[in-house]
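Each remark here refers to the structure printed beneath this line.
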There are 2 protein chains.
Amino acid sequence: MPTQPDPVLRLLWRHGAGEPQGPRRGRKQRLSVDDVVDAAIRIADRDGLSGLSMRLLATDLGLGAMSLYTYVPGRDELLALMVDRALGRRELPAMPDGLPDRMALIARVQYEELQEHPWLLEISGLRAWVGPGASDRYEWQLSGLEGVGLDDIEMDQTVALLSGFVGSVVQAQQRIRQDERTSGLTQAEWWAANADELDVVMAGRSYPLAGRVGAAAGEAYQAATDPAREMEFGLARIIDGLMSYIEGKQAAQR
Amino acid sequence: MPTQPDPVLRLLWRHGAGEPQGPRRGRKQRLSVDDVVDAAIRIADRDGLSGLSMRLLATDLGLGAMSLYTYVPGRDELLALMVDRALGRRELPAMPDGLPDRMALIARVQYEELQEHPWLLEISGLRAWVGPGASDRYEWQLSGLEGVGLDDIEMDQTVALLSGFVGSVVQAQQRIRQDERTSGLTQAEWWAANADELDVVMAGRSYPLAGRVGAAAGEAYQAATDPAREMEFGLARIIDGLMSYIEGKQAAQR
DNA sequence: CATCTATTCCGTACGGCGTACCAAAAAGTT
DNA sequence: AACTTTTTGGTACGCCGTACGGAATAGATG
């Protein structure tokens, strides 16, 4: 008694040869699923996930609200399609020679992707469907780690480590941007405006380290015109750690 | 012309000595802000952030919906209070002796916290207010890295690296759990139920590495009763990388 | 050609959300 | 006792995702 296959798979892999594509009965669709997904991505890039409503998307496409549901079963499924298409649209550069460079490239691609589509980070608590975009990406990531001495599980964990780290870095950046957007103040201005209040309110408690380090970090980050600098430290440490692990494995094998 | 201080700060630091606390006019509040925040945390622990609505919380507390707004200005502010209180309620263990153990402890505390309050990961796109819980936590994290040879900015980045990594690990775990919950199938069952469909739908494309690695990872993870195993690999590499960086700095200084 | 059937389109509507507004109730101040 | 301040909670507004059903339109069939 096999369970029914996931209906969303057909939609995710709609460009494959698996689709019949014969001339079908009934009124024709004015648009394609790709049109819908692309428009949704455009809106989400601009206004975030919360700014993407089915009604808005529909009118943006010149459709009535409910007509969207002939293209896509629901909002969650639309989001899944958006994720996979965003992944799929990016062209994946050839892997360079050195392993550290390949790791850095995996991270950099992820970084640029998340800068371009910040809403990818807002998608949590959603199912992780396997589509062509995600599959191509995963295959590409693994191709950079194949044959270097890692076993299969370690390859998977390495990919997860690299892209997970990048995700957390970008998320931190976004939070800062969000703060500045909703408060209308830069980080420096906010601290200046709230310094007195914090003195009052923190009465009794003292944060010697947090105060010192926070101030230093605040100055450094605000001066940084290149936000990618935040990533350098962590990525360098991670790659170091991974390389020395791999070299250790190779030495043990010999 | 100084900007007005952030009104939420008073609420976040409500337990400090900064509050006047004299007997005030008017009808008395039946509950305290802590009661409200604790009830909200309880609901979010059980049903996630999307299951926490102002109406539900109010009736849970025996209040009318709008009465909540005398305790808290709005839902976003409530979430900020929940975050800070969740951080503040956890007691922070003493730092052990070795630096690697201290790093591991920082990560482990974060890990346990996110397991206990999964909704902490759902909070993104929200402002990052500075409250006593977050401040205590940050101070504690830094105390584990003080005097080891890192400068202030590196200390901040190290904390970010450790807790960011943990966040991404737990998020991956949650996504798997979410998949199993909404599909009603375990990972293994899902793949079994969709194997044929995937063959059809992937027609033409091949994923040699993704297929091999994915299968290996799938087997390993599903067999893993201890989900913390996922964290070990990455954390070990990160700590290695950090330690060798610090040792390199010390050697250069000598 | 006309008829049937499958499909898309879209207006209406339902329940849920956060929360603005306001009148009634309750407490302290005078 | 009168006044002032605050909490309470009912009603309502504008969003949201989407269930439903009728009208429009296409190919398939006679």
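Reckoned from all heavy atoms, side chains included, excluding hydrogens, waters and symmetry mates. Letters A, B, ... mirror the listed sequences (proteins, then strands); counts begin at 1.
With Gln173(A) contributing its side chain and Val170(A) its backbone, the two residues share no donor-acceptor pair below 3.5 Å. Using modelled atom types, no side-chain atom of Thr59(B) and backbone atom of Gly62(B) make a donor-acceptor pair closer than 3.5 Å.
Contact check on Arg30(A) versus Asp35(A) returns no salt bridge, with no Lys/Arg side-chain nitrogen under 4.0 Å from an Asp/Glu carboxylate oxygen. A salt bridge does not link Asp76(A) to Arg127(A): none of the charged nitrogens lies less than 4.0 Å from a carboxylate oxygen.
Counting non-hydrogen atoms under 4.0 angstrom, Leu31(B) reaches nothing in the nucleic acid. Looking at heavy-atom distances under 4.0 Å, Leu68(A) makes no contact with the nucleic acid at all.
One finds a side-chain N or O of Thr70(B) lying less than 4.0 angstrom from the OP1 or OP2 phosphate oxygen of dT8(D).
You'll find that the side chain of Tyr69(A) is closest to dT18(D), out of dT7(C), dT18(D), dT7(D). Residue Ser67(A) places its side chain closer to dC10(C) than to any other of dC10(C), dT7(D), dG18(C). Proximity note for Lys28(A) (side chain, C-beta onward) versus dA26(D), dA26(C), dC10(C): the nearest is dA26(D). Nearest nucleotide to the side chain of Arg30(B), out of dT18(D), dC17(C), dT8(D): dT8(D). Listed nucleotides: dT11(D), dT8(D), dT12(C). Nearest to the side chain of Met66(A): dT12(C). Comparing dT19(C), dT7(C), dT7(D) by their nearest atom to the side chain of Met54(B) picks out dT19(C).
The interatomic distance linking Arg27(B) (CZ) with dA25(C) (P) rounds to 9 Å, in whole Å. Rounded to a whole Å, the CZ atom of Arg75(B) is 9 Å from the C1' atom of dC17(C). One interatomic measurement links the two molecules: CG of Leu49(B) to P of dG18(C), which rounds to 11 Å at whole-angstrom precision. Remark: C1' of dA24(D) and CD of Gln29(A) are 15 Å apart, rounded to the nearest angstrom. Rounded to whole Å, atom C1' of dG14(D) lies 15 Å from atom CG of Leu56(A). Going from atom CG of Leu63(A) over to atom C1' of dT18(D) covers 16 Å, rounded to whole Å. For Glu77(B) and dG18(C), the CD to P distance is 13 Å, given to the nearest whole Å. What separates CG of Leu61(B) from C1' of dG9(D) is a distance of 14 Å, to the nearest Å.
In this structure, a donor-acceptor pair under 3.5 Å is present between the side chains of Asp6(B) and Trp129(B).
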Would you list the protein and nucleotides 3-5 of chain C atom pairs, both N or O, that sit under 3.5 Å from each other?
residue, atom, partner, partner atom, Å
dT5(C), O4', Arg25(A), NH1, 3.2
dT5(C), O3', Arg25(A), NH1, 3.4

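Considering every non-hydrogen atom in both Gln171(A) and Leu121(A), the closest pair reads N-CD1, 3.7 Å. Nearest heavy atoms, Arg175(A) versus Ser124(B): NH2-CA, 4.5 Å.
With sequence neighbours excluded, the residues that form a side chain to side chain contact (heavy atoms under 4.5 Å, CB included) with Glu116(B) are Arg90(B).
For Arg55(B) against dG18(C), a side-chain-to-base donor-acceptor contact under 3.5 Å is present.
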